[in-house]
Amino acid sequence: MPKEKLLFAASEVYPFAKSGGLADVAHSLPRALNSIYDIHVVMPLYRFIERECFGIVSLGVFFDIEMGGHLYPVELYGCCYEGVEYRFIYTSLLCDRDFIYGPPESGYADNALRFGLFNHAMLALLKRERYLLAHLNDWQSALLPLLIQEEGTLATKTVFTIHNLAYQGVFERSVLQEIGIPEKYFTLHALEFYGKVNFMKAGIAYADAVTTVSPTYAKEILTVEYGCGLQDFLAEHKEKLFGILNGIDSEHFSPSKDTLLFVPYSDMRGKIENKKAYLETVGLQGLHTPLFIFIGRFNWQKGLELFIESLEWIASQRCNIAILGEGEIKYHKALEQIADKYANIHLEFGYDEAWSHRMYAAADFFLMPSLFEPCGLAQMIAMNYGQMPIVHEVGGLADTVFDHRSFNENSTRGYGITFKTASSDALQHAVSEAFELYSNMERYNRIVQHNMHCDFSWHESARAYLSLYTKIIEEGNHG
Ligand code: ADP
């Protein structure tokens with residue numbers, strides 16, 4: 001029997017376009033589900049995607065979308081990558097840009113229209129081919145459950161996943177007409193949010209199930225502290241809200257198979273070779289002093305304030321620090337000022353997948369002082385590459401990193417250094433613990449070798465998604 005078709009939608013998918021963890025998840029979760037369903041991953045065909053390199057070709061399907069009184073021509077492209085089918089939506093307004101959402105400092109002014117169009121184009125796909133279920137991710141694809149309801153004849157079920165509640169897609173009220181959504185949806189039970197239009201609310205209100213990316217974050221978002229203004233709205237829909245932990249792609253992030261590394265490795269001897277090569281390349285010294293790294297978006301969420309406040313203190317200890325990332329200019333400047341003063345800090349701005357892998361392989365400790373963290377992938381990658389993460393105990397960090405003081409060789413958990421309060425004191429205290437641990441090499445090695453063998457793959461979580469899909473499909477059949 002042919003497999004049933006599922007649409008999996010995201011605004012970014014690795015390796016085609018990536019700004020953060022969503023792209024990794026949209027690449028690896030469909031791979032994990034593909035043996036059960038015929039998954040079609042759908043995303044915009046941004047101008048910067050290298051079509052030839054991935055064998056992306058036109059499918060010869062052209063249609064017009066009518067949205068807010070304008071006609072937008074759409075062309076459908078496709079390819080098969082690593083055994084998964086991809087569908088790319090090309091329409092000039094959405095795709096002919098240099099960035100996915102806009103330059104690092106701000107989003108494009110017409111993002112509501114761009115991603116409104118993405119949702120309308122997906123609705124057109126559902127009308128052309130039968131899809132049993134559509135799995136939507138973040139605000140950029142959150143309108144689809146509403147459009148399906150408004151359309152009235154489609155039987156496609158929907159799952160909406162919140163990867164980060166801090167980004168909700170909030171726009172002026174006037175966009176409602178421009179994106180072709182009837183005024184009747186401008187109510188507190190639907191899209192209205194403090195006088196504006198909130199895309200994410202459409203996903204929460206109209207999807208058959210809502211998930212977020214860790215069990216702890218699923219609880220946190222119901223509180224004022226982490227709910228970003230949607231805590232009460234989420235509480236109204238609590239019975240269909242589930243927390244399913246993200247996994248990492250164990251093929252792509254495996255030090256023994258990673259072709260991006262100086263040397264692939266499966267033990268500490270190989271890891272030291274990578275550290276040596278990395279330090280030499282960037283001009284840092286001290287193979288036997290701890291190497292701390294930070295890789296990520298430079299913004300408030302990632303704990304940049306704490307990190308910057310603590311950086312001089314960390315740099316004045318016997319260690320090396322390597323930083324890779326990009327984001328808000330004020331953080332670029334602050335980091336640059338400190339890095340200029342200390343020879344043991346290596347700072348790199350930008351987004352560089354290959355280079356990040358070499359850093360994961362070289363480092364001893366991964367700094368992740370996020371103020372909140374829906375799931376976080378970096379800490380899991382760091383553990384599988386033989387590091388101890390230093391994390392603020394929130395969201396997915398609390399679900400994946402357990403404190404080294406409770407280390408148990410027989411457990412399947414990963415271990416690091418955790419701190420409970422988001423303060424620079426707490427971070428510095430955690431870093432002091434790192435120095436102490438590093439001076440007990442025998443214990444440090446035992447913990448990081450344990451971390452290298454922890455299973456952070458999609459195995460368990462893909463099963464959780466599959467049973468959720470089955471549940472809502474069966475509810476549809478009975479109801
Ligand atoms: P978020 O999705 O909030 O940005 P995650 O920890 O879930 O954070 O995922 C971040 C992903 O992006 C990881 O794979 C991390 O290695 C990668 N990443 C972040 N910043 C950079 C960068 N500047 N260069 C290369 N990879 C990066």
Side-chain angles (χ1 to χ4, degrees), residues 10-29 99-101 103-104 137-140 161-167 212-214 216-217 226 228 244-255 258 260-261 278 282 293-304 307 322-328 331-332 335 346-363 366-385 387 389-392 394-401 414 416 456-458 461:
S11 52
E12 51 179 285
V13 185
Y14 178 84
F16 308 104
K18 171 167 166 177
S19 81
L22 169 62
D24 286 328
V25 172
H27 164 244
S28 51
L29 176 57
F99 299 94
I100 304 175
Y101 312 113
N137 295 280
D138 275 348
W139 70 263
Q140 298 86 357
T161 298
I162 300 169
H163 293 262
N164 193 336
L165 194 61
Y167 303 94
T212 188
V213 290
S214 70
T216 298
Y217 193 59
Y226 296 103
C228 303
I244 301 177
L245 197 64
N246 278 340
I248 55 173
D249 187 321
S250 41
E251 292 277 309
H252 184 65
F253 291 114
S254 162
D258 193 338
L260 298 172
L261 301 186
Y278 176 80
V282 300
I293 60 167
F294 179 102
I295 300 174
R297 294 180 286 116
F298 295 157
N299 72 8
W300 176 81
Q301 177 203 337
K302 295 291 175 186
L304 259 286
F307 180 48
I323 304 165
L324 169 65
E326 62 186 359
E328 292 174 39
Y331 296 130
H332 282 231
L335 288 169
H346 178 75
L347 171 63
E348 247 169 282
F349 295 128
Y351 192 96
D352 190 330
E353 185 75 24
W355 202 235
S356 74
H357 285 231
R358 287 178 202 137
M359 289 173 69
Y360 282 116
F366 192 87
L367 293 162
M368 206 159 169
S370 310
L371 301 188
F372 68 94
E373 194 58 76
C375 178
L377 301 176
Q379 79 281 11
M380 296 190 260
I381 301 170
M383 287 190 276
N384 274 178
Y385 279 70
Q387 299 180 43
I390 299 177
V391 303
H392 178 213
V394 278
L397 297 176
D399 292 334
T400 52
V401 184
F456 296 115
S457 74
W458 274 101
S461 300

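For ligands, and for the atoms within them, numbers begin at 1 and follow the listed sequence. Here the structure is a predicted model, which is why all the values come from computation and not from measurement.
In this structure, Tyr360 is part of the shell of residues with a heavy atom less than 4.0 angstrom from ligand 1. Contact between Lys302 and ligand 1 is present, with at least one heavy atom of the residue lying under 4.0 Å from the ligand. Within the structure, the closest approach of Gly350 to ligand 1 falls below 4.0 Å when heavy atoms are considered.
Contacts between Asn164 and ligand 1 below 4.0 angstrom, taking non-hydrogen atoms only, are absent altogether. The residue His163 has no part lying near ligand 1, judged by heavy-atom distances below 4.0 Å. Contacts with ligand 1 closer than 4.0 Å are made by no heavy atom of Asn246, backbone or side chain.
Checking Tyr101 against Glu12 by side-chain atom types alone, a donor-acceptor pair falls below 3.5 Å. Looking at Asp138 and His163, their side chains never bring a donor and an acceptor atom within 3.5 Å of each other. Neither side chain, Gln301 nor Ser370, offers a donor N or O lying under 3.5 Å from an acceptor on the other. When only modelled atom types and interatomic distance are considered, Glu328 and His332 share no side-chain donor-acceptor pair under 3.5 Å.
In the vicinity of Ile381, heavy-atom distances shorter than 4.0 Å reach the ligand 1 atoms 14 (O). Using a 4.0 Å cut-off to heavy atoms of Gly21, the atoms of ligand 1 that qualify are 1 (P), 2 (O), 4 (O), 7 (O), 9 (O), 10 (C), 11 (C). Annotation for ligand 1: atoms under 4.0 Å from non-hydrogen atoms of Asp352 are 24 (N), 25 (C). Residue-ligand proximity, Ser356 to ligand 1, at heavy-atom distances under 4.0 Å covers atoms 25 (C), 26 (N). Near Gly20, with a cut-off below 4.0 Å to any heavy atom, the atoms of ligand 1 are 2 (O), 4 (O). Counting atoms of ligand 1 from 1 in the listed order, those under 4.0 Å from a heavy atom of Arg297 are 1 (P), 3 (O), 4 (O). In summary, the atoms of ligand 1 found under 4.0 Å from a heavy atom of Leu324, numbered by their order in the structure, are 23 (N), 24 (N). Residue contact check: Ala378 has heavy atoms under 4.0 Å from atoms 6 (O) of ligand 1.
For the pair Met380 and Cys375, the tightest heavy-atom approach, listed with the atom from each and the gap, is CE-SG, 3.8 Å. In plain terms, the two heavy atoms of Phe294 and Leu367 that are nearest each other are CD1-O, 3.6 Å. Here the closest heavy-atom approach between residue Tyr360 and residue Gln387 is recorded as O-NE2, 2.8 Å. The two residues Val401 and Gln379 have their closest heavy-atom pair at CG2-CG, 3.7 Å. Nearest heavy atom pair, residue Leu22 against residue Ser11, reads CD2-OG, 3.9 Å.
Residue Met368 places no N or O, backbone or side chain, under 3.5 Å from any N or O of ligand 1. Any N or O atom pair closer than 3.5 Å counts here, and Glu353 shares no such pair with ligand 1. Some N or O of Lys18 is nearer than 3.5 Å to an N or O of ligand 1, by distance alone. In terms of polar-atom proximity, defined here as any N/O pair under 3.5 Å, Ser19 makes no such contact with ligand 1.
Taking the six-membered ring for Trp and the full ring otherwise, the centers of Phe253 and His357 sit less than 6.0 Å from each other. A distance of 6.0 Å or more separates the ring centres of Phe16 and His27.
Annotation: atom 19 (C) of ligand 1 to nearest protein heavy atom, Gly296 CA, 3.8 Å. The protein non-hydrogen atom at the shortest distance from atom 14 (O) of ligand 1 is Asp24 OD2, 2.8 Å. The protein atom (non-hydrogen) at minimum distance from atom 21 (C) of ligand 1 is Tyr351 CE1, 3.4 Å. Looking at atom 7 (O) of ligand 1, its nearest protein heavy atom turns out to be Leu377 N, 3.2 Å.
Between Tyr278 and Trp355, the ring planes lie tilted relative to each other; the angle falls in the 30° to 60° range.
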Problem set entry | salt bridge (Lys or Arg N to Asp or Glu O under 4.0 Å) assessment of Glu353 paired with Lys18 | CA-CA 10 Å; Glu353 185 75 24; Lys18 171 167 166 177; 3.2 Å; yes
